[in-house]
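Just below is one structure, and these are the notes that go with it.
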Amino acid sequence: MHRIGVFVCWCGSNIAATVDVKKVAETLGKEPGVAFAMDYQYMCSEGGQGAIRSAIKDHALTGIVVAACSPRMHEPTFRKAAAAAGLNPFMVEVANIREQCSWIHRNKQDATEKAIILGRTAIAKVMLNTPLTAGESRVVKRALVIGGGIAGIQTALDVADAGFKVDIVERKPTIGGKMAQLDKTFPTLDCAACILTPKMVEAAQHENITIHTYSEVESVSGFVGDFKVKIRKKARCVDEVACTGCGDCMAKCPAKKAKSEFDQGLRNRSAIYIPFAQAIPNVPVIDRENCIKFQTGKCGVCEKICPSKAVHYDQEDTILEESYGAIVVATGFDTVSPEPYGEFRYEEYPDVITSLEFERLCNAAGPTGGHLVRPSDHKEPKRIVFVQCVGSRGSGECEKTYCSKICCMYTAKHAMLVREKYPDSEVYVFYIDVRTPGKAFDEFQRRAIEQYNVHYIKGMVGQVEKKGDMLLIQASDLLHDKQLHIEADMVVLATAVEPEKGARNLATMLTASMDTNDFFTEAHPKLRPVESPTAGVYLSGLCQGPKDIPETVAQAGAAASKVIGLLVKDKLITNPCIASPAEPMCNGCGLCENVCPYGAITYEVKEVHREGKRLSTRVAQVNEAVCQGCGACTVTCPSGVMDLWGFSTRQILAEVDAICR
C-alpha cells in the first residue's frame with residue numbers, strides 16, 4: 001500500500017508569486033496513494049526538513065514528493081532528511097516547479113496547472129520507485145592537473161602541500177603559461193616573472209609534484225576516485241636527465257630562422273631551443289619542422305657538441321598510464337587572431353600589433369631588451385593608438401559576444417608604461433566602455449587619465465591606412481560626435497581571449513560540459529563554481545571563463561580544496577541509479593557498449609534460458625562502479641532490455657501517462 005507525502009515549497013516569492021502553492025498542495029493531496037500534503041515557505045530550511053521528517057514518522061509515509069526548485073539544487077538535502085527519518089533516500093522525488101514552471105510563466109493560472117501536472121508525474125514515478133542501496137568505490141590518492149600555467153601551478157602546489165601526489169601535464173616544453181610572457185601585472189605594476197618564477201621553481205622542486213612538459217592527455221576512462229589516464233609524452237630528442245642546460249647546442253645550431261612562439265614571432269630562434277631563460281625544465285627541445293637533421297638527414301651539430309651526450313634523434317613519443325582520484329582542468333586561454341578584421345591591416349602592416357606582442361616588446365627579456373620600438377624600422381614610437389574590444393562584444397561571425405574582462409585593465413597598464421618610459425609620447429585609447437570591476441581597478445584606470453594624461457576616446461577605429469612611414473587611423477569620437485584622423489607610429493589591438501584550442505577535445509575525453517564559446521561549464525554558477533558536472537573533474541583558471549590573475553589564483557585554491565576534500569576519503573559512495581540488462585533477452589548486438597561514455601559495459605558469453613531453451617550467447621555486463629547512470633545505453637538498446645534503476649522505462653511511461661490524464 002502506497003502512502004505518499006507531498007511537500008510544496010514557496011521558495012519565498014520565487015514560486016509563490018506565480019504559482020498558487022496552497023491549491024497545488026490541496027489538489028495533489030487528493031491524488032490516489034497520497035496520505036499527506038502540505039505547503040511551506042522554505043522546504044530546504046531546517047524547519048522545512050523537520051516537517052518532512054515528522055510527516056514521514058507520523059503518517060508512516062512510504063515515499064515523498066517535494067515540489068520545489070531543481071533537483072540539482074536540493075535533492076541531496078531532501079534525501080538526507082528522508083534518510084534521517086528512516087525512509088530510503090531513493091524513495092524521494094523532486095518536482096521542479098521553479099525553473100520549469102514559475103520562472104517561465106507569467107500567468108498564475110497556467111503556472112498553477114503546470115505545477116499540479118509536474119507534481120502528479122512525480123507521484124506516479126515515486127509509486128514505482130524501489131529502495132536502492134548505494135555501493136562503494138576506492139579513491140586513488142593522486143591528482144592530475146591538465147595545464148601548467150599559473151592556475152595549474154597554484155592548484156598543484158596547494159594539493160601537494162596537503163600531502164597528496166600531483167602530476168602536471170603541460171603541452172608546451174615548459175610550464176608558466178601566458179603569465180610568463182607578461183612584463184608587468186595590474187594594478188600594482190609589479191614584475192610578472194618575479195611572481196611566477198618562484199612558483200615554477202617551487203613546483204619543480206616539490207617532492208609531491210611530477211611535471212610532464214611537452215605532453216598531452218591521450219585518453220581518459222574510469223570515474224571519480226579512479227580515473228585511468230594515458231599521457232603522450234612527446235619526443236624532445238633531448239634526454240631530460242642527462243641534459244645540463246649549458247646551451248651549447250642552441251648557440252651552435254645553424255638553423256636559426258624559426259619564429260619564437262614565446263616572443264610572438266618577433267624574434268627568431270634556433271631549431272633546438274629553450275623557450276625562455278627561466279623555463280622549467282631547463283632542457284631544450286628540437287623543433288623537427290625546422291631542424292636540418294630531420295629535414296635533410298644532414299647536420300647533427302647539436303649531437304656532436306653536446307658534452308653530456310643528451311641529444312638523441314631517434315627518441316620517440318612514450319605513453320604513460322596512471323590512475324588518478326581527481327582531475328583539474330587548467331588549460332588556460334589563447335587570444336583571437338586579428339586577421340579576420342581587415343580594417344586594422346594586421347597582416348599587412350608590421351606596426352599593427354597585438355597586446356601580447358606589445359608585452360614582449362616591453363619586456364626586458366623580450367626581443368628588444370625592453371626597449372619599445374616599431375617592428376618595421378626599430379624606431380621609438382612617438383604616438384601610439386590602442387584599440388579595445390577587438391573580437392569581443394560583437395555579433396559578427398568572427399566576434400565573441402562576451403567581454404574578455406582583462407582588456408581594459410591591461411590596456412591602461414600598457415598606456416601608463418609607455419608614458420612613464422617615454423614622457424614625450426602621445427597615447428590614445430579607443431574604447432566601447434571601460435570596465436574595471438576588481439579591487440583598486442577603477443583607481444588604476446583613472447590614474448592613466450589623470451596622472452599620465454592618456455587620451456581616452458569613446459568610439460571605434462574604422463580603418464587603418466598607410467601614410468608614408470606612419471599609420472593613418474580613421475575613427476569616431478562618439479561623445480563629441482565627430483570623425484577623427486590620427487597619424488600614429490604604432491597601433492596596438494586588445495584582442496579577445498578564448499579557450500585554448502584543444503579544450504573541446506579534452507572536454508570530450510572527460511565527458512565535461514562546455515558552453516557555446518567552448519569555455520568549460522561549472523556544475524552550478526553560484527554553489528559549485530569550480531566543479532564540472534562530471535564528478536571528480538574540477539575547473540581552474542581561464543578554461544572556465546575570462547578572469548584576471550588574482551581571480552585565477554583564487555579559483556585555483558578553491559579547486560585544490562575540492563580535490564583535497566575528495567582525496568582525503570578512502571572510499572566514495574557510488575550512485576545506485578545504474579544500468580541493468582535483462583540478460584535472457586539481450587541479443588549481444590554491442591550497441592550499448594559503443595555508446596557508453598564511461599566504458600562501463602562489456603560482453604560475456606553466458607548460458608541463458610530463452611523460449612524454453614538453454615542457449616550460450618553474448619550478453620551485456622555493467623560494471624556498477626564505473627556506470628554513472630547517464631541512460632545512453634537504455635535509449636540505444638534495440639531490444640529494450642537495458643534499463644536504469646530509478647529511471648526505468650516503466651517509471652518514465654507512468655510519468656507520461658500522468659501528464660496525459
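Given the structure is predicted, the values throughout are model-derived calculations rather than measurements.
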For this session: List the steps and the verdict of side-chain contact (heavy atoms from CB on, under 4.5 Å) for Phe276 and Gln181.
Result: CA-CA 9 Å; Phe276 60 101; Gln181 296 175 273; over 6 Å; no
Exercise. Salt bridge (charged side-chain N to carboxylate O under 4.0 Å, His left out) between Glu261 and Lys172: does it pass, once the steps are laid out?
Worked result: CA-CA 10 Å; Glu261 297 86 354; Lys172 294 181 179 178; over 6 Å; no
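Looking at Ser404 and Ser392, their side chains do bring a donor and an acceptor atom within 3.5 Å of each other. If you check the side chains of Thr354 and Gln264, you find no donor sitting under 3.5 Å from an acceptor. Side chains of Thr213 and Arg236: a donor on one and an acceptor on the other come within 3.5 Å. A donor and an acceptor atom, one from each side chain of Glu359 and Asn363, are nowhere located under 3.5 Å apart. Defined by atom type and a distance below 3.5 Å, a donor-acceptor pair is missing between the side-chain atoms of Lys382 and Ser425. Side-chain contact, Asn517 with Tyr402: no donor N or O sits under 3.5 Å from an acceptor N or O.
For Phe186 and Tyr410, the gap between ring centers reaches or exceeds 6.0 Å.
Although no hydrogens or angles enter the test, the distance criterion places a donor-acceptor pair under 3.5 Å between the side chain of Lys141 and the main chain of Leu567.
The environment of NZ in Lys569 is sparse: at most 12 heavy-atom neighbours from other residues, nucleotides or ligands sit within 6.0 Å.
A salt bridge is absent between Glu303 and Lys293: the closest approach of a Lys/Arg side-chain nitrogen to an acidic carboxylate oxygen does not fall below 4.0 angstrom.
Distance check: Leu510 CG to Ser219 OG gives 10.5 Å after rounding to the nearest 0.5 Å.
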